Asks: 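Okay, here's the structure, questions in a sec.
Just so it is clear, the structure is predicted and the values come from calculations on it, not from any experiment. In the text below, chain A, chain B and the rest are named by the order of the sequence lines, each starting its count at 1.
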Amino acid sequence: MLEVAGLNAWYGEAQALHEVSVRVGEGEVVTLVGRNGAGKTTLVRCLIGLHRQVSGTVSFLGSDVTRTPAHRRARAGMGWVQDDRGIYASLSVEENLLLPPRVSDRAWTLKQVYEAFPLLADRRKAPGTTLSGGEQQMLAIARVLRTGARLLLMDEPSEGLAPVVVARIGAIIREIKATGVGVLLIEQNVKFAATVADRHYLLSQGHIVETLDNSDFQRREGELLKHLGI
Amino acid sequence: MNAVLQYAVQGLAAGSFYALAALGLAIIFGVLGVVNFAHGAFYMLGAVTAAVLLDTLDLTLWWSLLVVPVLMFAFGVVVERLLVQWLLRLDPLYNFLLTFGLTLVLVELVKQKYGVSGLPYKPPKLLSGRVDLAGVVLPRYQLFVFLFSVAICVLVWLVMTRTRVGMIVRASTEKPDLARALGINVGRWVTPVFGFGVALAGLAGVLAAPFRAITADMGNNFAIILFAVVVIGGLGSIVGAVVAGFMVGLVEAFGQAYAPTYAQILIFVLMALIILVRPAGLFGRKEATA
């Protein structure tokens with residue numbers, strides 16, 4: 001559903017991504033691993049349409065969206081879970097959920113969201129940012145699920161969270177995958193990545209240096225950890 | 001006691017103009033990121049338009065309260081499409097230059113057409129004179145201005161907190177990029193929001209018409225105080241704009257009553273004190289200081 005071919009991105013004169021090619025299929029979970037500054041977040045911002053200084057092509061569900069504005073990409077079915085979770089302080093939990101428009105008939109109802117995430121139901125009237133870090137992450141994920149997004153772009157959803165919350169996020173990702181939604185997951189937590197993903201791209205200094213399937217990835221875990229400097 | 005209440009009502013009436021105009025300024029800044037230095041000129045245009053409508057078409061204040069905001073909204077839409085939209089991607093310095101330049105142009109145009117002496121404006125009979133409330137005699141018009149502007153502020157607050165439009169405005173104010181990435185066409189709201197902010201400034205002008213000397217320069221001093229209001233309330237904060245507006249009106253009225261020489265200075269002393277204690281203003285978010 002997502003095909004990225006020969007994508008270059010710049011910040012002014014500085015090139016941040018070089019000829020990046022990435023593919024995510026229906027019901028496929030693909031991770032993007034790499035050190036800080038490798039260009040992972042830049043890539044995701046290019047995909048959702050917030051970083052526009054690019055060349056190459058991004059196609060989504062068969063159409064070229066390289067020049068499409070961000071809000072239209074979201075309406076076509078891309079759901080972004082931002083690295084800082086992107087929860088609105090000036091919106092209540094429920095308003096955070098209701099803000100993005102529904103984009104497909106697989107959209108969740110508010111009732112379904114609250115059944116899957118009961119803690120959000122309890123806090124529905126509270127300002128979004130009064131939730132704990134883990135709850136905010138759940139809210140960010142629930143928010144894009146409610147729209148019925150076909151592809152999730154998740155930027156480090158496990159970062160800074162307790163192991164039990166990370167495990168819950170892993171379970172959610174596997175559930176999403178089972179419904180045919182594609183997931184592009186940015187992850188520094190190699191162990192977590194191995195539990196959810198089918199394939200892995202290793203990004204280094206703006207280049208995709210390796211593409212690994214999950215068994216290779218697990219076999220070479222030690223080497224990858226060393227590369228990531230963790 | 002009677003005198004104190006009279007100053008209070010006078011202050012709340014004056015504060016009404018600041019509150020309405022600052023509310024418009026806050027909403028515009030929130031969604032466009034543009035500090036509109038022409039807001040004082042829009043306020044002046046509101047008052048002048050009301051005076052002209054009364055003079056030529058015999059439209060009373062009641063009509064002007066309805067018609068002038070609509071006209072000012074339309075004018076705001078034209079200004080946004082013609083000029084302001086080009087600022088959104090530029091350095092904030094251009095925003096200052098353009099909106100300040102626009103102020104000079106508007107003020108001079110009004111001077112050319114209507115001269116420098118004040119235009120007359122009489123409020124409708126119903127609002128003239130004084131009203132006796134259990135022994136306290138208060139000017140009807142000032143009471144009306146206060147109640148009317150509180151009603152408008154409450155209405156705007158309800159729209160902002162209870163409707164989908166308000167939700168989108170809040171989201172676009174707080175994190176515009178994220179709103180876009182969540183499928184909100186933020187750009188579509190820019191023009192109507194600017195028009196709405198201008199309409200509020202115009203409405204403040206209409207309310208001020210029977211109360212202030214209507215001249216081309218009436219917006220200049222108003223704009224200076226208005227920026228003190230915005231700093232006190234917290235730039236971009238809607239509640240802050242309204243609270244600070246009434247607060248500054250009160251300080252001004254009591255200052256003029258008890259220490260006329262220092263009336264204006266008092267407002268800026270208040271502003272300085274608030275910046276010292278809360279750099280982001282009374283209701284500003286911390287991010288606003290960065």
Asks: Given a strict heavy-atom distance threshold of 4.5 Å, which part of T173(B) is in contact with chain A: side chain, backbone, both, or neither?
Replies: neither
Asks: Find the distance between NZ (K175(B)) and OG (S90(A)) and round it off to the nearest 0.5 Å.
Replies: 8.0 Å
Asks: Go through G49(A), A149(A), P101(A) and name the one with the most non-hydrogen pairs under 4.5 angstrom from chain B.
Replies: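 If we count pairs closer than 4.5 Å to chain B, P101(A) comes out on top.
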Asks: Would you find a donor on one side and an acceptor on the other, under 3.5 Å apart, between the side chain of Y88(A) and the backbone of A179(B)?
Replies: yes
Asks: Counting only non-hydrogen atoms closer than 4.5 Å, does L98(A) touch chain B with its backbone (N, CA, C, O), its side chain (CB onward), both, or neither?
Replies: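 Looking at L98(A), backbone and side chain both touch chain B.
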Asks: Between CE of M167(B) and CG of L99(A), what distance do you get to the nearest 0.5 Å?
Replies: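 So the gap between those two atoms works out to 5.0 Å.
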Asks: Please round to the nearest 0.5 Å and tell me the distance separating atom CD of E95(A) and atom OG1 of T161(B).
Replies: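 Output value for this atom pair is 8.0 Å.
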Asks: Could you look at I87(A) and say if it's the side chain, the backbone, both or neither that has a heavy atom under 4.5 Å from chain B?
Replies: backbone
Asks: Count the heavy atoms of every other residue, nucleotide or ligand shown that sit under 6.0 Å from CZ of F148(B), and state whether that count exceeds 12.
Replies: yes
Asks: Between R75(A), H71(A), R73(A), which shows the greatest number of heavy-atom pairs under 4.5 Å with chain B?
Replies: H71(A)
Asks: When only pairs under 4.5 Å are counted, which of I184(B), L182(B), V186(B) shares the most heavy-atom pairs with chain A?
Replies: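 Maximum pair count with chain A is reached by L182(B).
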Asks: Around atom CZ of F268(B), are there more than 12 heavy atoms of other residues, nucleotides or ligands at under 6.0 Å?
Replies: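 Counting neighbours around CZ of F268(B), more than 12 heavy atoms of other residues, nucleotides or ligands fall under 6.0 Å, so yes.
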Asks: Heavy-atom cut-off 4.5 Å, strictly under: side chain, backbone, both or neither for L50(A) against chain B?
Replies: side chain
Asks: Report the distance from atom CZ of R180(B) to atom CZ of R72(A), rounding to the nearest 0.5 Å.
Replies: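 The CZ atom of R180(B) sits 13.5 Å away from the CZ atom of R72(A).
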Asks: Take a 6.0 Å sphere around CH2 of W86(B) and say whether it holds more than 12 heavy atoms from other residues, nucleotides or ligands.
Replies: no
Asks: Is there a donor-acceptor pair closer than 3.5 Å between any side-chain N or O of Q82(A) and the backbone N or O of L178(B)?
Replies: no
Asks: Identify the two heavy atoms, one from A181(B) and one from A74(A), that lie closest to each other, and give their separation to 0.1 Å.
Replies: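 It is O-CB, 3.3 Å.
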Asks: Is the number of heavy atoms from other residues, nucleotides or ligands under 6.0 Å of Q205(A) CD greater than 12?
Replies: no
